[in-house]
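Input: a single structure, listed below in structure tokens.
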Amino acid sequence: MAQRKFIDDWKRTHSCGDLRGADVGKQVVLFGWVQARRNLGGCVFVDLRDREGLTQVVFDPSTEPRDLSVDGSETIAQAVAIAEQIRPEWVIGIRGVVVSRGENLNRNRPTGEIEVRVLEAEIFNQAETPPFEIVDDLDTREELRLQYRYLDLRRRPMQQIFRLRHQMNQTARRYLSDQGCLELETPFMVKYTPGGARNFLVPSRHAAGKFYALAESPQLFKQLFMVAGFDRYFQIVKCFRDEDFRLDRQPEFTQVDIELSFVNQDDVFALVEGLMFEIVQQTRGIDLREKYPEGRFPRMTFEESMQRFGNDKPDLRFGMEHTDITDLIIAHQGGGVPFFAEIANRFENGTLRRDIPGEIVKVMSVSAEAKLSRKDLDEMEKMAQSMGAKGLARAKVGANGEWTQTALKTATVELRQAIHERTGAKEGDLLLFQFGKAALAHTVLANLRLHLGKKMGHIPAFGHGGKLEFLWVVNPPMFEADEQTGGWVAAHHAFTRPHDDHIAIVESDPAKVLCYRYDLVLNGFEVGGGSIRLHDPVVQRAVFRTLGIDEEQAEEKFGFLLKALRHGAPPHGGMAIGWDRVAMLLSETESLRDVIPFPKTQRGADPMTDAPSALDDEQLAELRLCVMPQKN
RNA sequence: GGGGCGGUAGUUAAGUUGGUUAUAACGCCGGCCUGUCACGCCGGAGGCCGCGGGUUCAAGUCCCGUCCGCCCCGCCA
């Protein structure tokens, strides 16, 4: 067996990204993986890779150690023999001398001025031929990349992403610590609490038949830190939610969790803004003060966001806003369009009311520049239908303000003029309509807006495209109507503080109650959310009454928190930042999976380890569990 | 739970109205080559066309089912 000189007697002197022209003449020891081997017949060039970079090393049988003023002639033949054997991804070590490449330099890499002339080499390990090449611009099924994630992670772009995450973590720790926050830990295995996201459950062997829940967030525990008087807390923490996935959702994900005592909403914002400025500066070298000179992010109310963009996480990198024309439809009694008239009638006769969320008519004006073909429109209509819409009514604005290419051509001049005036639509523009249930109309138009934004090149398919648009979305409603029961449910959670001037109407007019809940949005992604908590037991009881939760139920569900809040809870509030989403946006990658070292597929599987897996009967018996047969 | 797209050598793709032995590039293996750096040149191996059923003289291709992956709606307080 080889003598292992390279590990036992010699130490690595440099990384594969270190050496420059100034190092010429140095004797060096490099360790790494074989990126590429170019055998010219006698002379073998090898690109040696480690996490810092690539260095070309040369195995040349004609090397004369004396010319390099070093020993080692007897080892050169051995080294050249090794060069003949090695293959991509083998792990080797070399000892050699840095020489200038003179005219033959490679300007494409930082180490391109030099190469290392090998005097001695050792193979640490061979490698099977990898299922895909370890290259920067890999084009391979993602499933295969996940199956061999350790090879995928060997690639430079992936290494850069996780270096970025390291920087994010270091920056957050330093900043939040400087802001007086203590890094404290909360349990992952917690008591199951109903409502909200589904929990992953962990069966207990000691208490067979009982289960822990994996924490969907440290929410309740961080509030207990405030009761305990820690004053300010943060944690970089994993959260677990057993819900369906999207490109920005994984079953386990990381958030930077923050909670502060004796603060109002503005105090929380200032802290988080400072953090984001710092993160963007440290990781991307971008000074957000150029865009936000006051050091603050803009704010928009929830209601305005829904009106203008159809969701609570608007992508502000481009326009194409929506316009609510429900009032125009009512005023014009349908304006000659049968299905508008139908809606107008229902408002007339009181079936629908404007002051409570119900049905609406919205329009999005698309510039003539979009040059949408019939095929494009059909595709968009299909998209709308796949989201549950009946169709996609549209009208093209003609030279004299008439509507063409549309089922809406019966619209009156007055209605058309009113709509053109409000939307600013000009000749050649296309009007896209949605009407009916507000939630559906909003969803459809919000998605079409993003679709068109990408299609028209206002925003890239993924990545920030040089624009970082932050926004606080504030003052959402505290309660939502529960369609099934006809009662009220908490729009976020029951421990959010209502606006002070709405406390009086918590029970009398829940629909109008707004609360101190806020989301931080970046380029159309919700990257953080939080609230000022409700620490007043009197208001808390009123909220529970509105939600139809009596004291007994409240005790049963949230007893430990309510009890804690009765023992001297300071006013407090906080924030949770979706750290993976921030990493995804800053690294301009396509999905959350790209910024998580070992992510799950859309169905929650890990192709590498084959998790989740079945248990054998013995294990189940120990937990006193039995698995029901699959229902068909 | 619903809708859409995809699955063909190790990888990425092509594959005609169903019709001989399923192509190509990269990778892999062997040979040659002393200044390559996407090295080059010559040769070679490599296929359960995701899986199961059906239609047919004949299926990668058409039909049904199913599994897996991705995107969206619902869901995610």
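Naming convention: chains lettered A, B, ... in sequence-line order (proteins, then strands); numbering from 1 in each chain.
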Send over the distance from [X] [atom1] to [N] [atom2], rounded to a whole Å.
| X | N | atom1 | atom2 | result |
| --- | --- | --- | --- | --- |
| Phe45(A) | U36(B) | CZ | P | 7 Å |
| Leu144(A) | G10(B) | CG | P | 11 Å |
| Arg246(A) | G4(B) | CZ | C1' | 13 Å |
| Leu40(A) | G31(B) | CG | P | 16 Å |
| Gln85(A) | C29(B) | CD | P | 13 Å |
| Ile134(A) | A38(B) | CD1 | P | 18 Å |
| Gln35(A) | A38(B) | CD | P | 11 Å |
| Phe245(A) | G1(B) | CZ | P | 14 Å |

Which nucleotide in [options] has an atom nearest any side-chain atom of [X]:
| X | options | answer |
| --- | --- | --- |
| Thr129(A) | C73(B), G69(B), G27(B) | G27(B) |
| Arg109(A) | C37(B), U36(B), G1(B) | C37(B) |
| Asp244(A) | U11(B), G35(B), G1(B) | G1(B) |
| Asn108(A) | U36(B), C70(B), A38(B) | A38(B) |
| Asn447(A) | C29(B), C73(B), G74(B) | C73(B) |
| Glu143(A) | G69(B), C71(B), C75(B) | G69(B) |
| Arg593(A) | C71(B), C73(B), C76(B) | C71(B) |
| Pro131(A) | C37(B), G10(B), C70(B) | G10(B) |

Which residue lies more 5' along RNA chain B, comparing Gly388(A) with Lys382(A) via nearest heavy atoms: Lys382(A)
Position toward the 5' end of RNA chain B (nearest nucleotide), Cys43(A) or Thr140(A): Thr140(A)
Glu143(A) versus Gln147(A), side-chain donor and acceptor atoms under 3.5 Å: no
Does a distance-only test, which skips hydrogens and angles, find a donor-acceptor pair under 3.5 Å between the side chain of [X] and the base of [N]?
| X | N | answer |
| --- | --- | --- |
| Arg117(A) | G35(B) | yes |
| Arg249(A) | C76(B) | yes |
| Glu133(A) | U11(B) | no |
| Asp60(A) | U34(B) | yes |
| Arg101(A) | U36(B) | yes |

Quantified in whole Å, what is the [atom1] atom distance between nucleotide [N] and nucleotide [M]?
| N | M | atom1 | result |
| --- | --- | --- | --- |
| U17(B) | G74(B) | C1' | 42 Å |
| C71(B) | C29(B) | P | 35 Å |
| A59(B) | C70(B) | P | 33 Å |
| A14(B) | G50(B) | P | 13 Å |
| G43(B) | A38(B) | P | 25 Å |

[N] phosphate, OP1 or OP2, under 4.0 Å from [X] side-chain N/O:
| X | N | answer |
| --- | --- | --- |
| Gln385(A) | G3(B) | no |
| Arg38(A) | C39(B) | yes |
| Ser386(A) | G74(B) | no |
| Arg141(A) | U11(B) | yes |

4.5 Å side-chain heavy-atom contact, Arg449(A) and Asp315(A): yes
Presence of salt bridge, Glu252(A) and Arg241(A), under 4.0 angstrom: no
Salt bridge Arg198(A)-Asp242(A), side-chain N to carboxylate O under 4.0 Å: no
Categorize [X] for me: base, sugar-phosphate, or nothing, with a 4.0 angstrom heavy-atom threshold over every strand shown.
| X | answer |
| --- | --- |
| Thr443(A) | sugar-phosphate |
| Ala36(A) | nothing |
| Leu440(A) | nothing |
| Glu115(A) | base |
| Leu247(A) | sugar-phosphate |
| Pro130(A) | nothing |
| Glu142(A) | sugar-phosphate |

Partner nucleotide of [N] by Watson-Crick or wobble geometry (both distances under 3.5 Å):
| N | result |
| --- | --- |
| C75(B) | none |
| C5(B) | G69(B) |
| G35(B) | none |
| C29(B) | G43(B) |
| C62(B) | G54(B) |

Parallel, tilted or perpendicular: ring planes of His572(A) versus His535(A), cut at 30 and 60 degrees: tilted
Side-chain donor or acceptor of Asp50(A) paired with backbone N/O of Glu52(A) under 3.5 Å: yes
Donor-acceptor contact below 3.5 Å, side chain Asp376(A) vs main chain Ser373(A): yes
Sorted by number, the residues of residues 606-614 of chain A with heavy-atom contact under 4.0 Å to RNA chain B: none
Enclosure of Arg38(A) CZ (heavy-atom neighbours >12, cutoff 6.0 Å): yes
Taking the six-membered ring for Trp, is the centroid-to-centroid distance between [X] and [Y] below 6.0 Å?
| X | Y | result |
| --- | --- | --- |
| Phe309(A) | His322(A) | no |
| Phe495(A) | Phe558(A) | yes |
| Tyr192(A) | Phe211(A) | no |

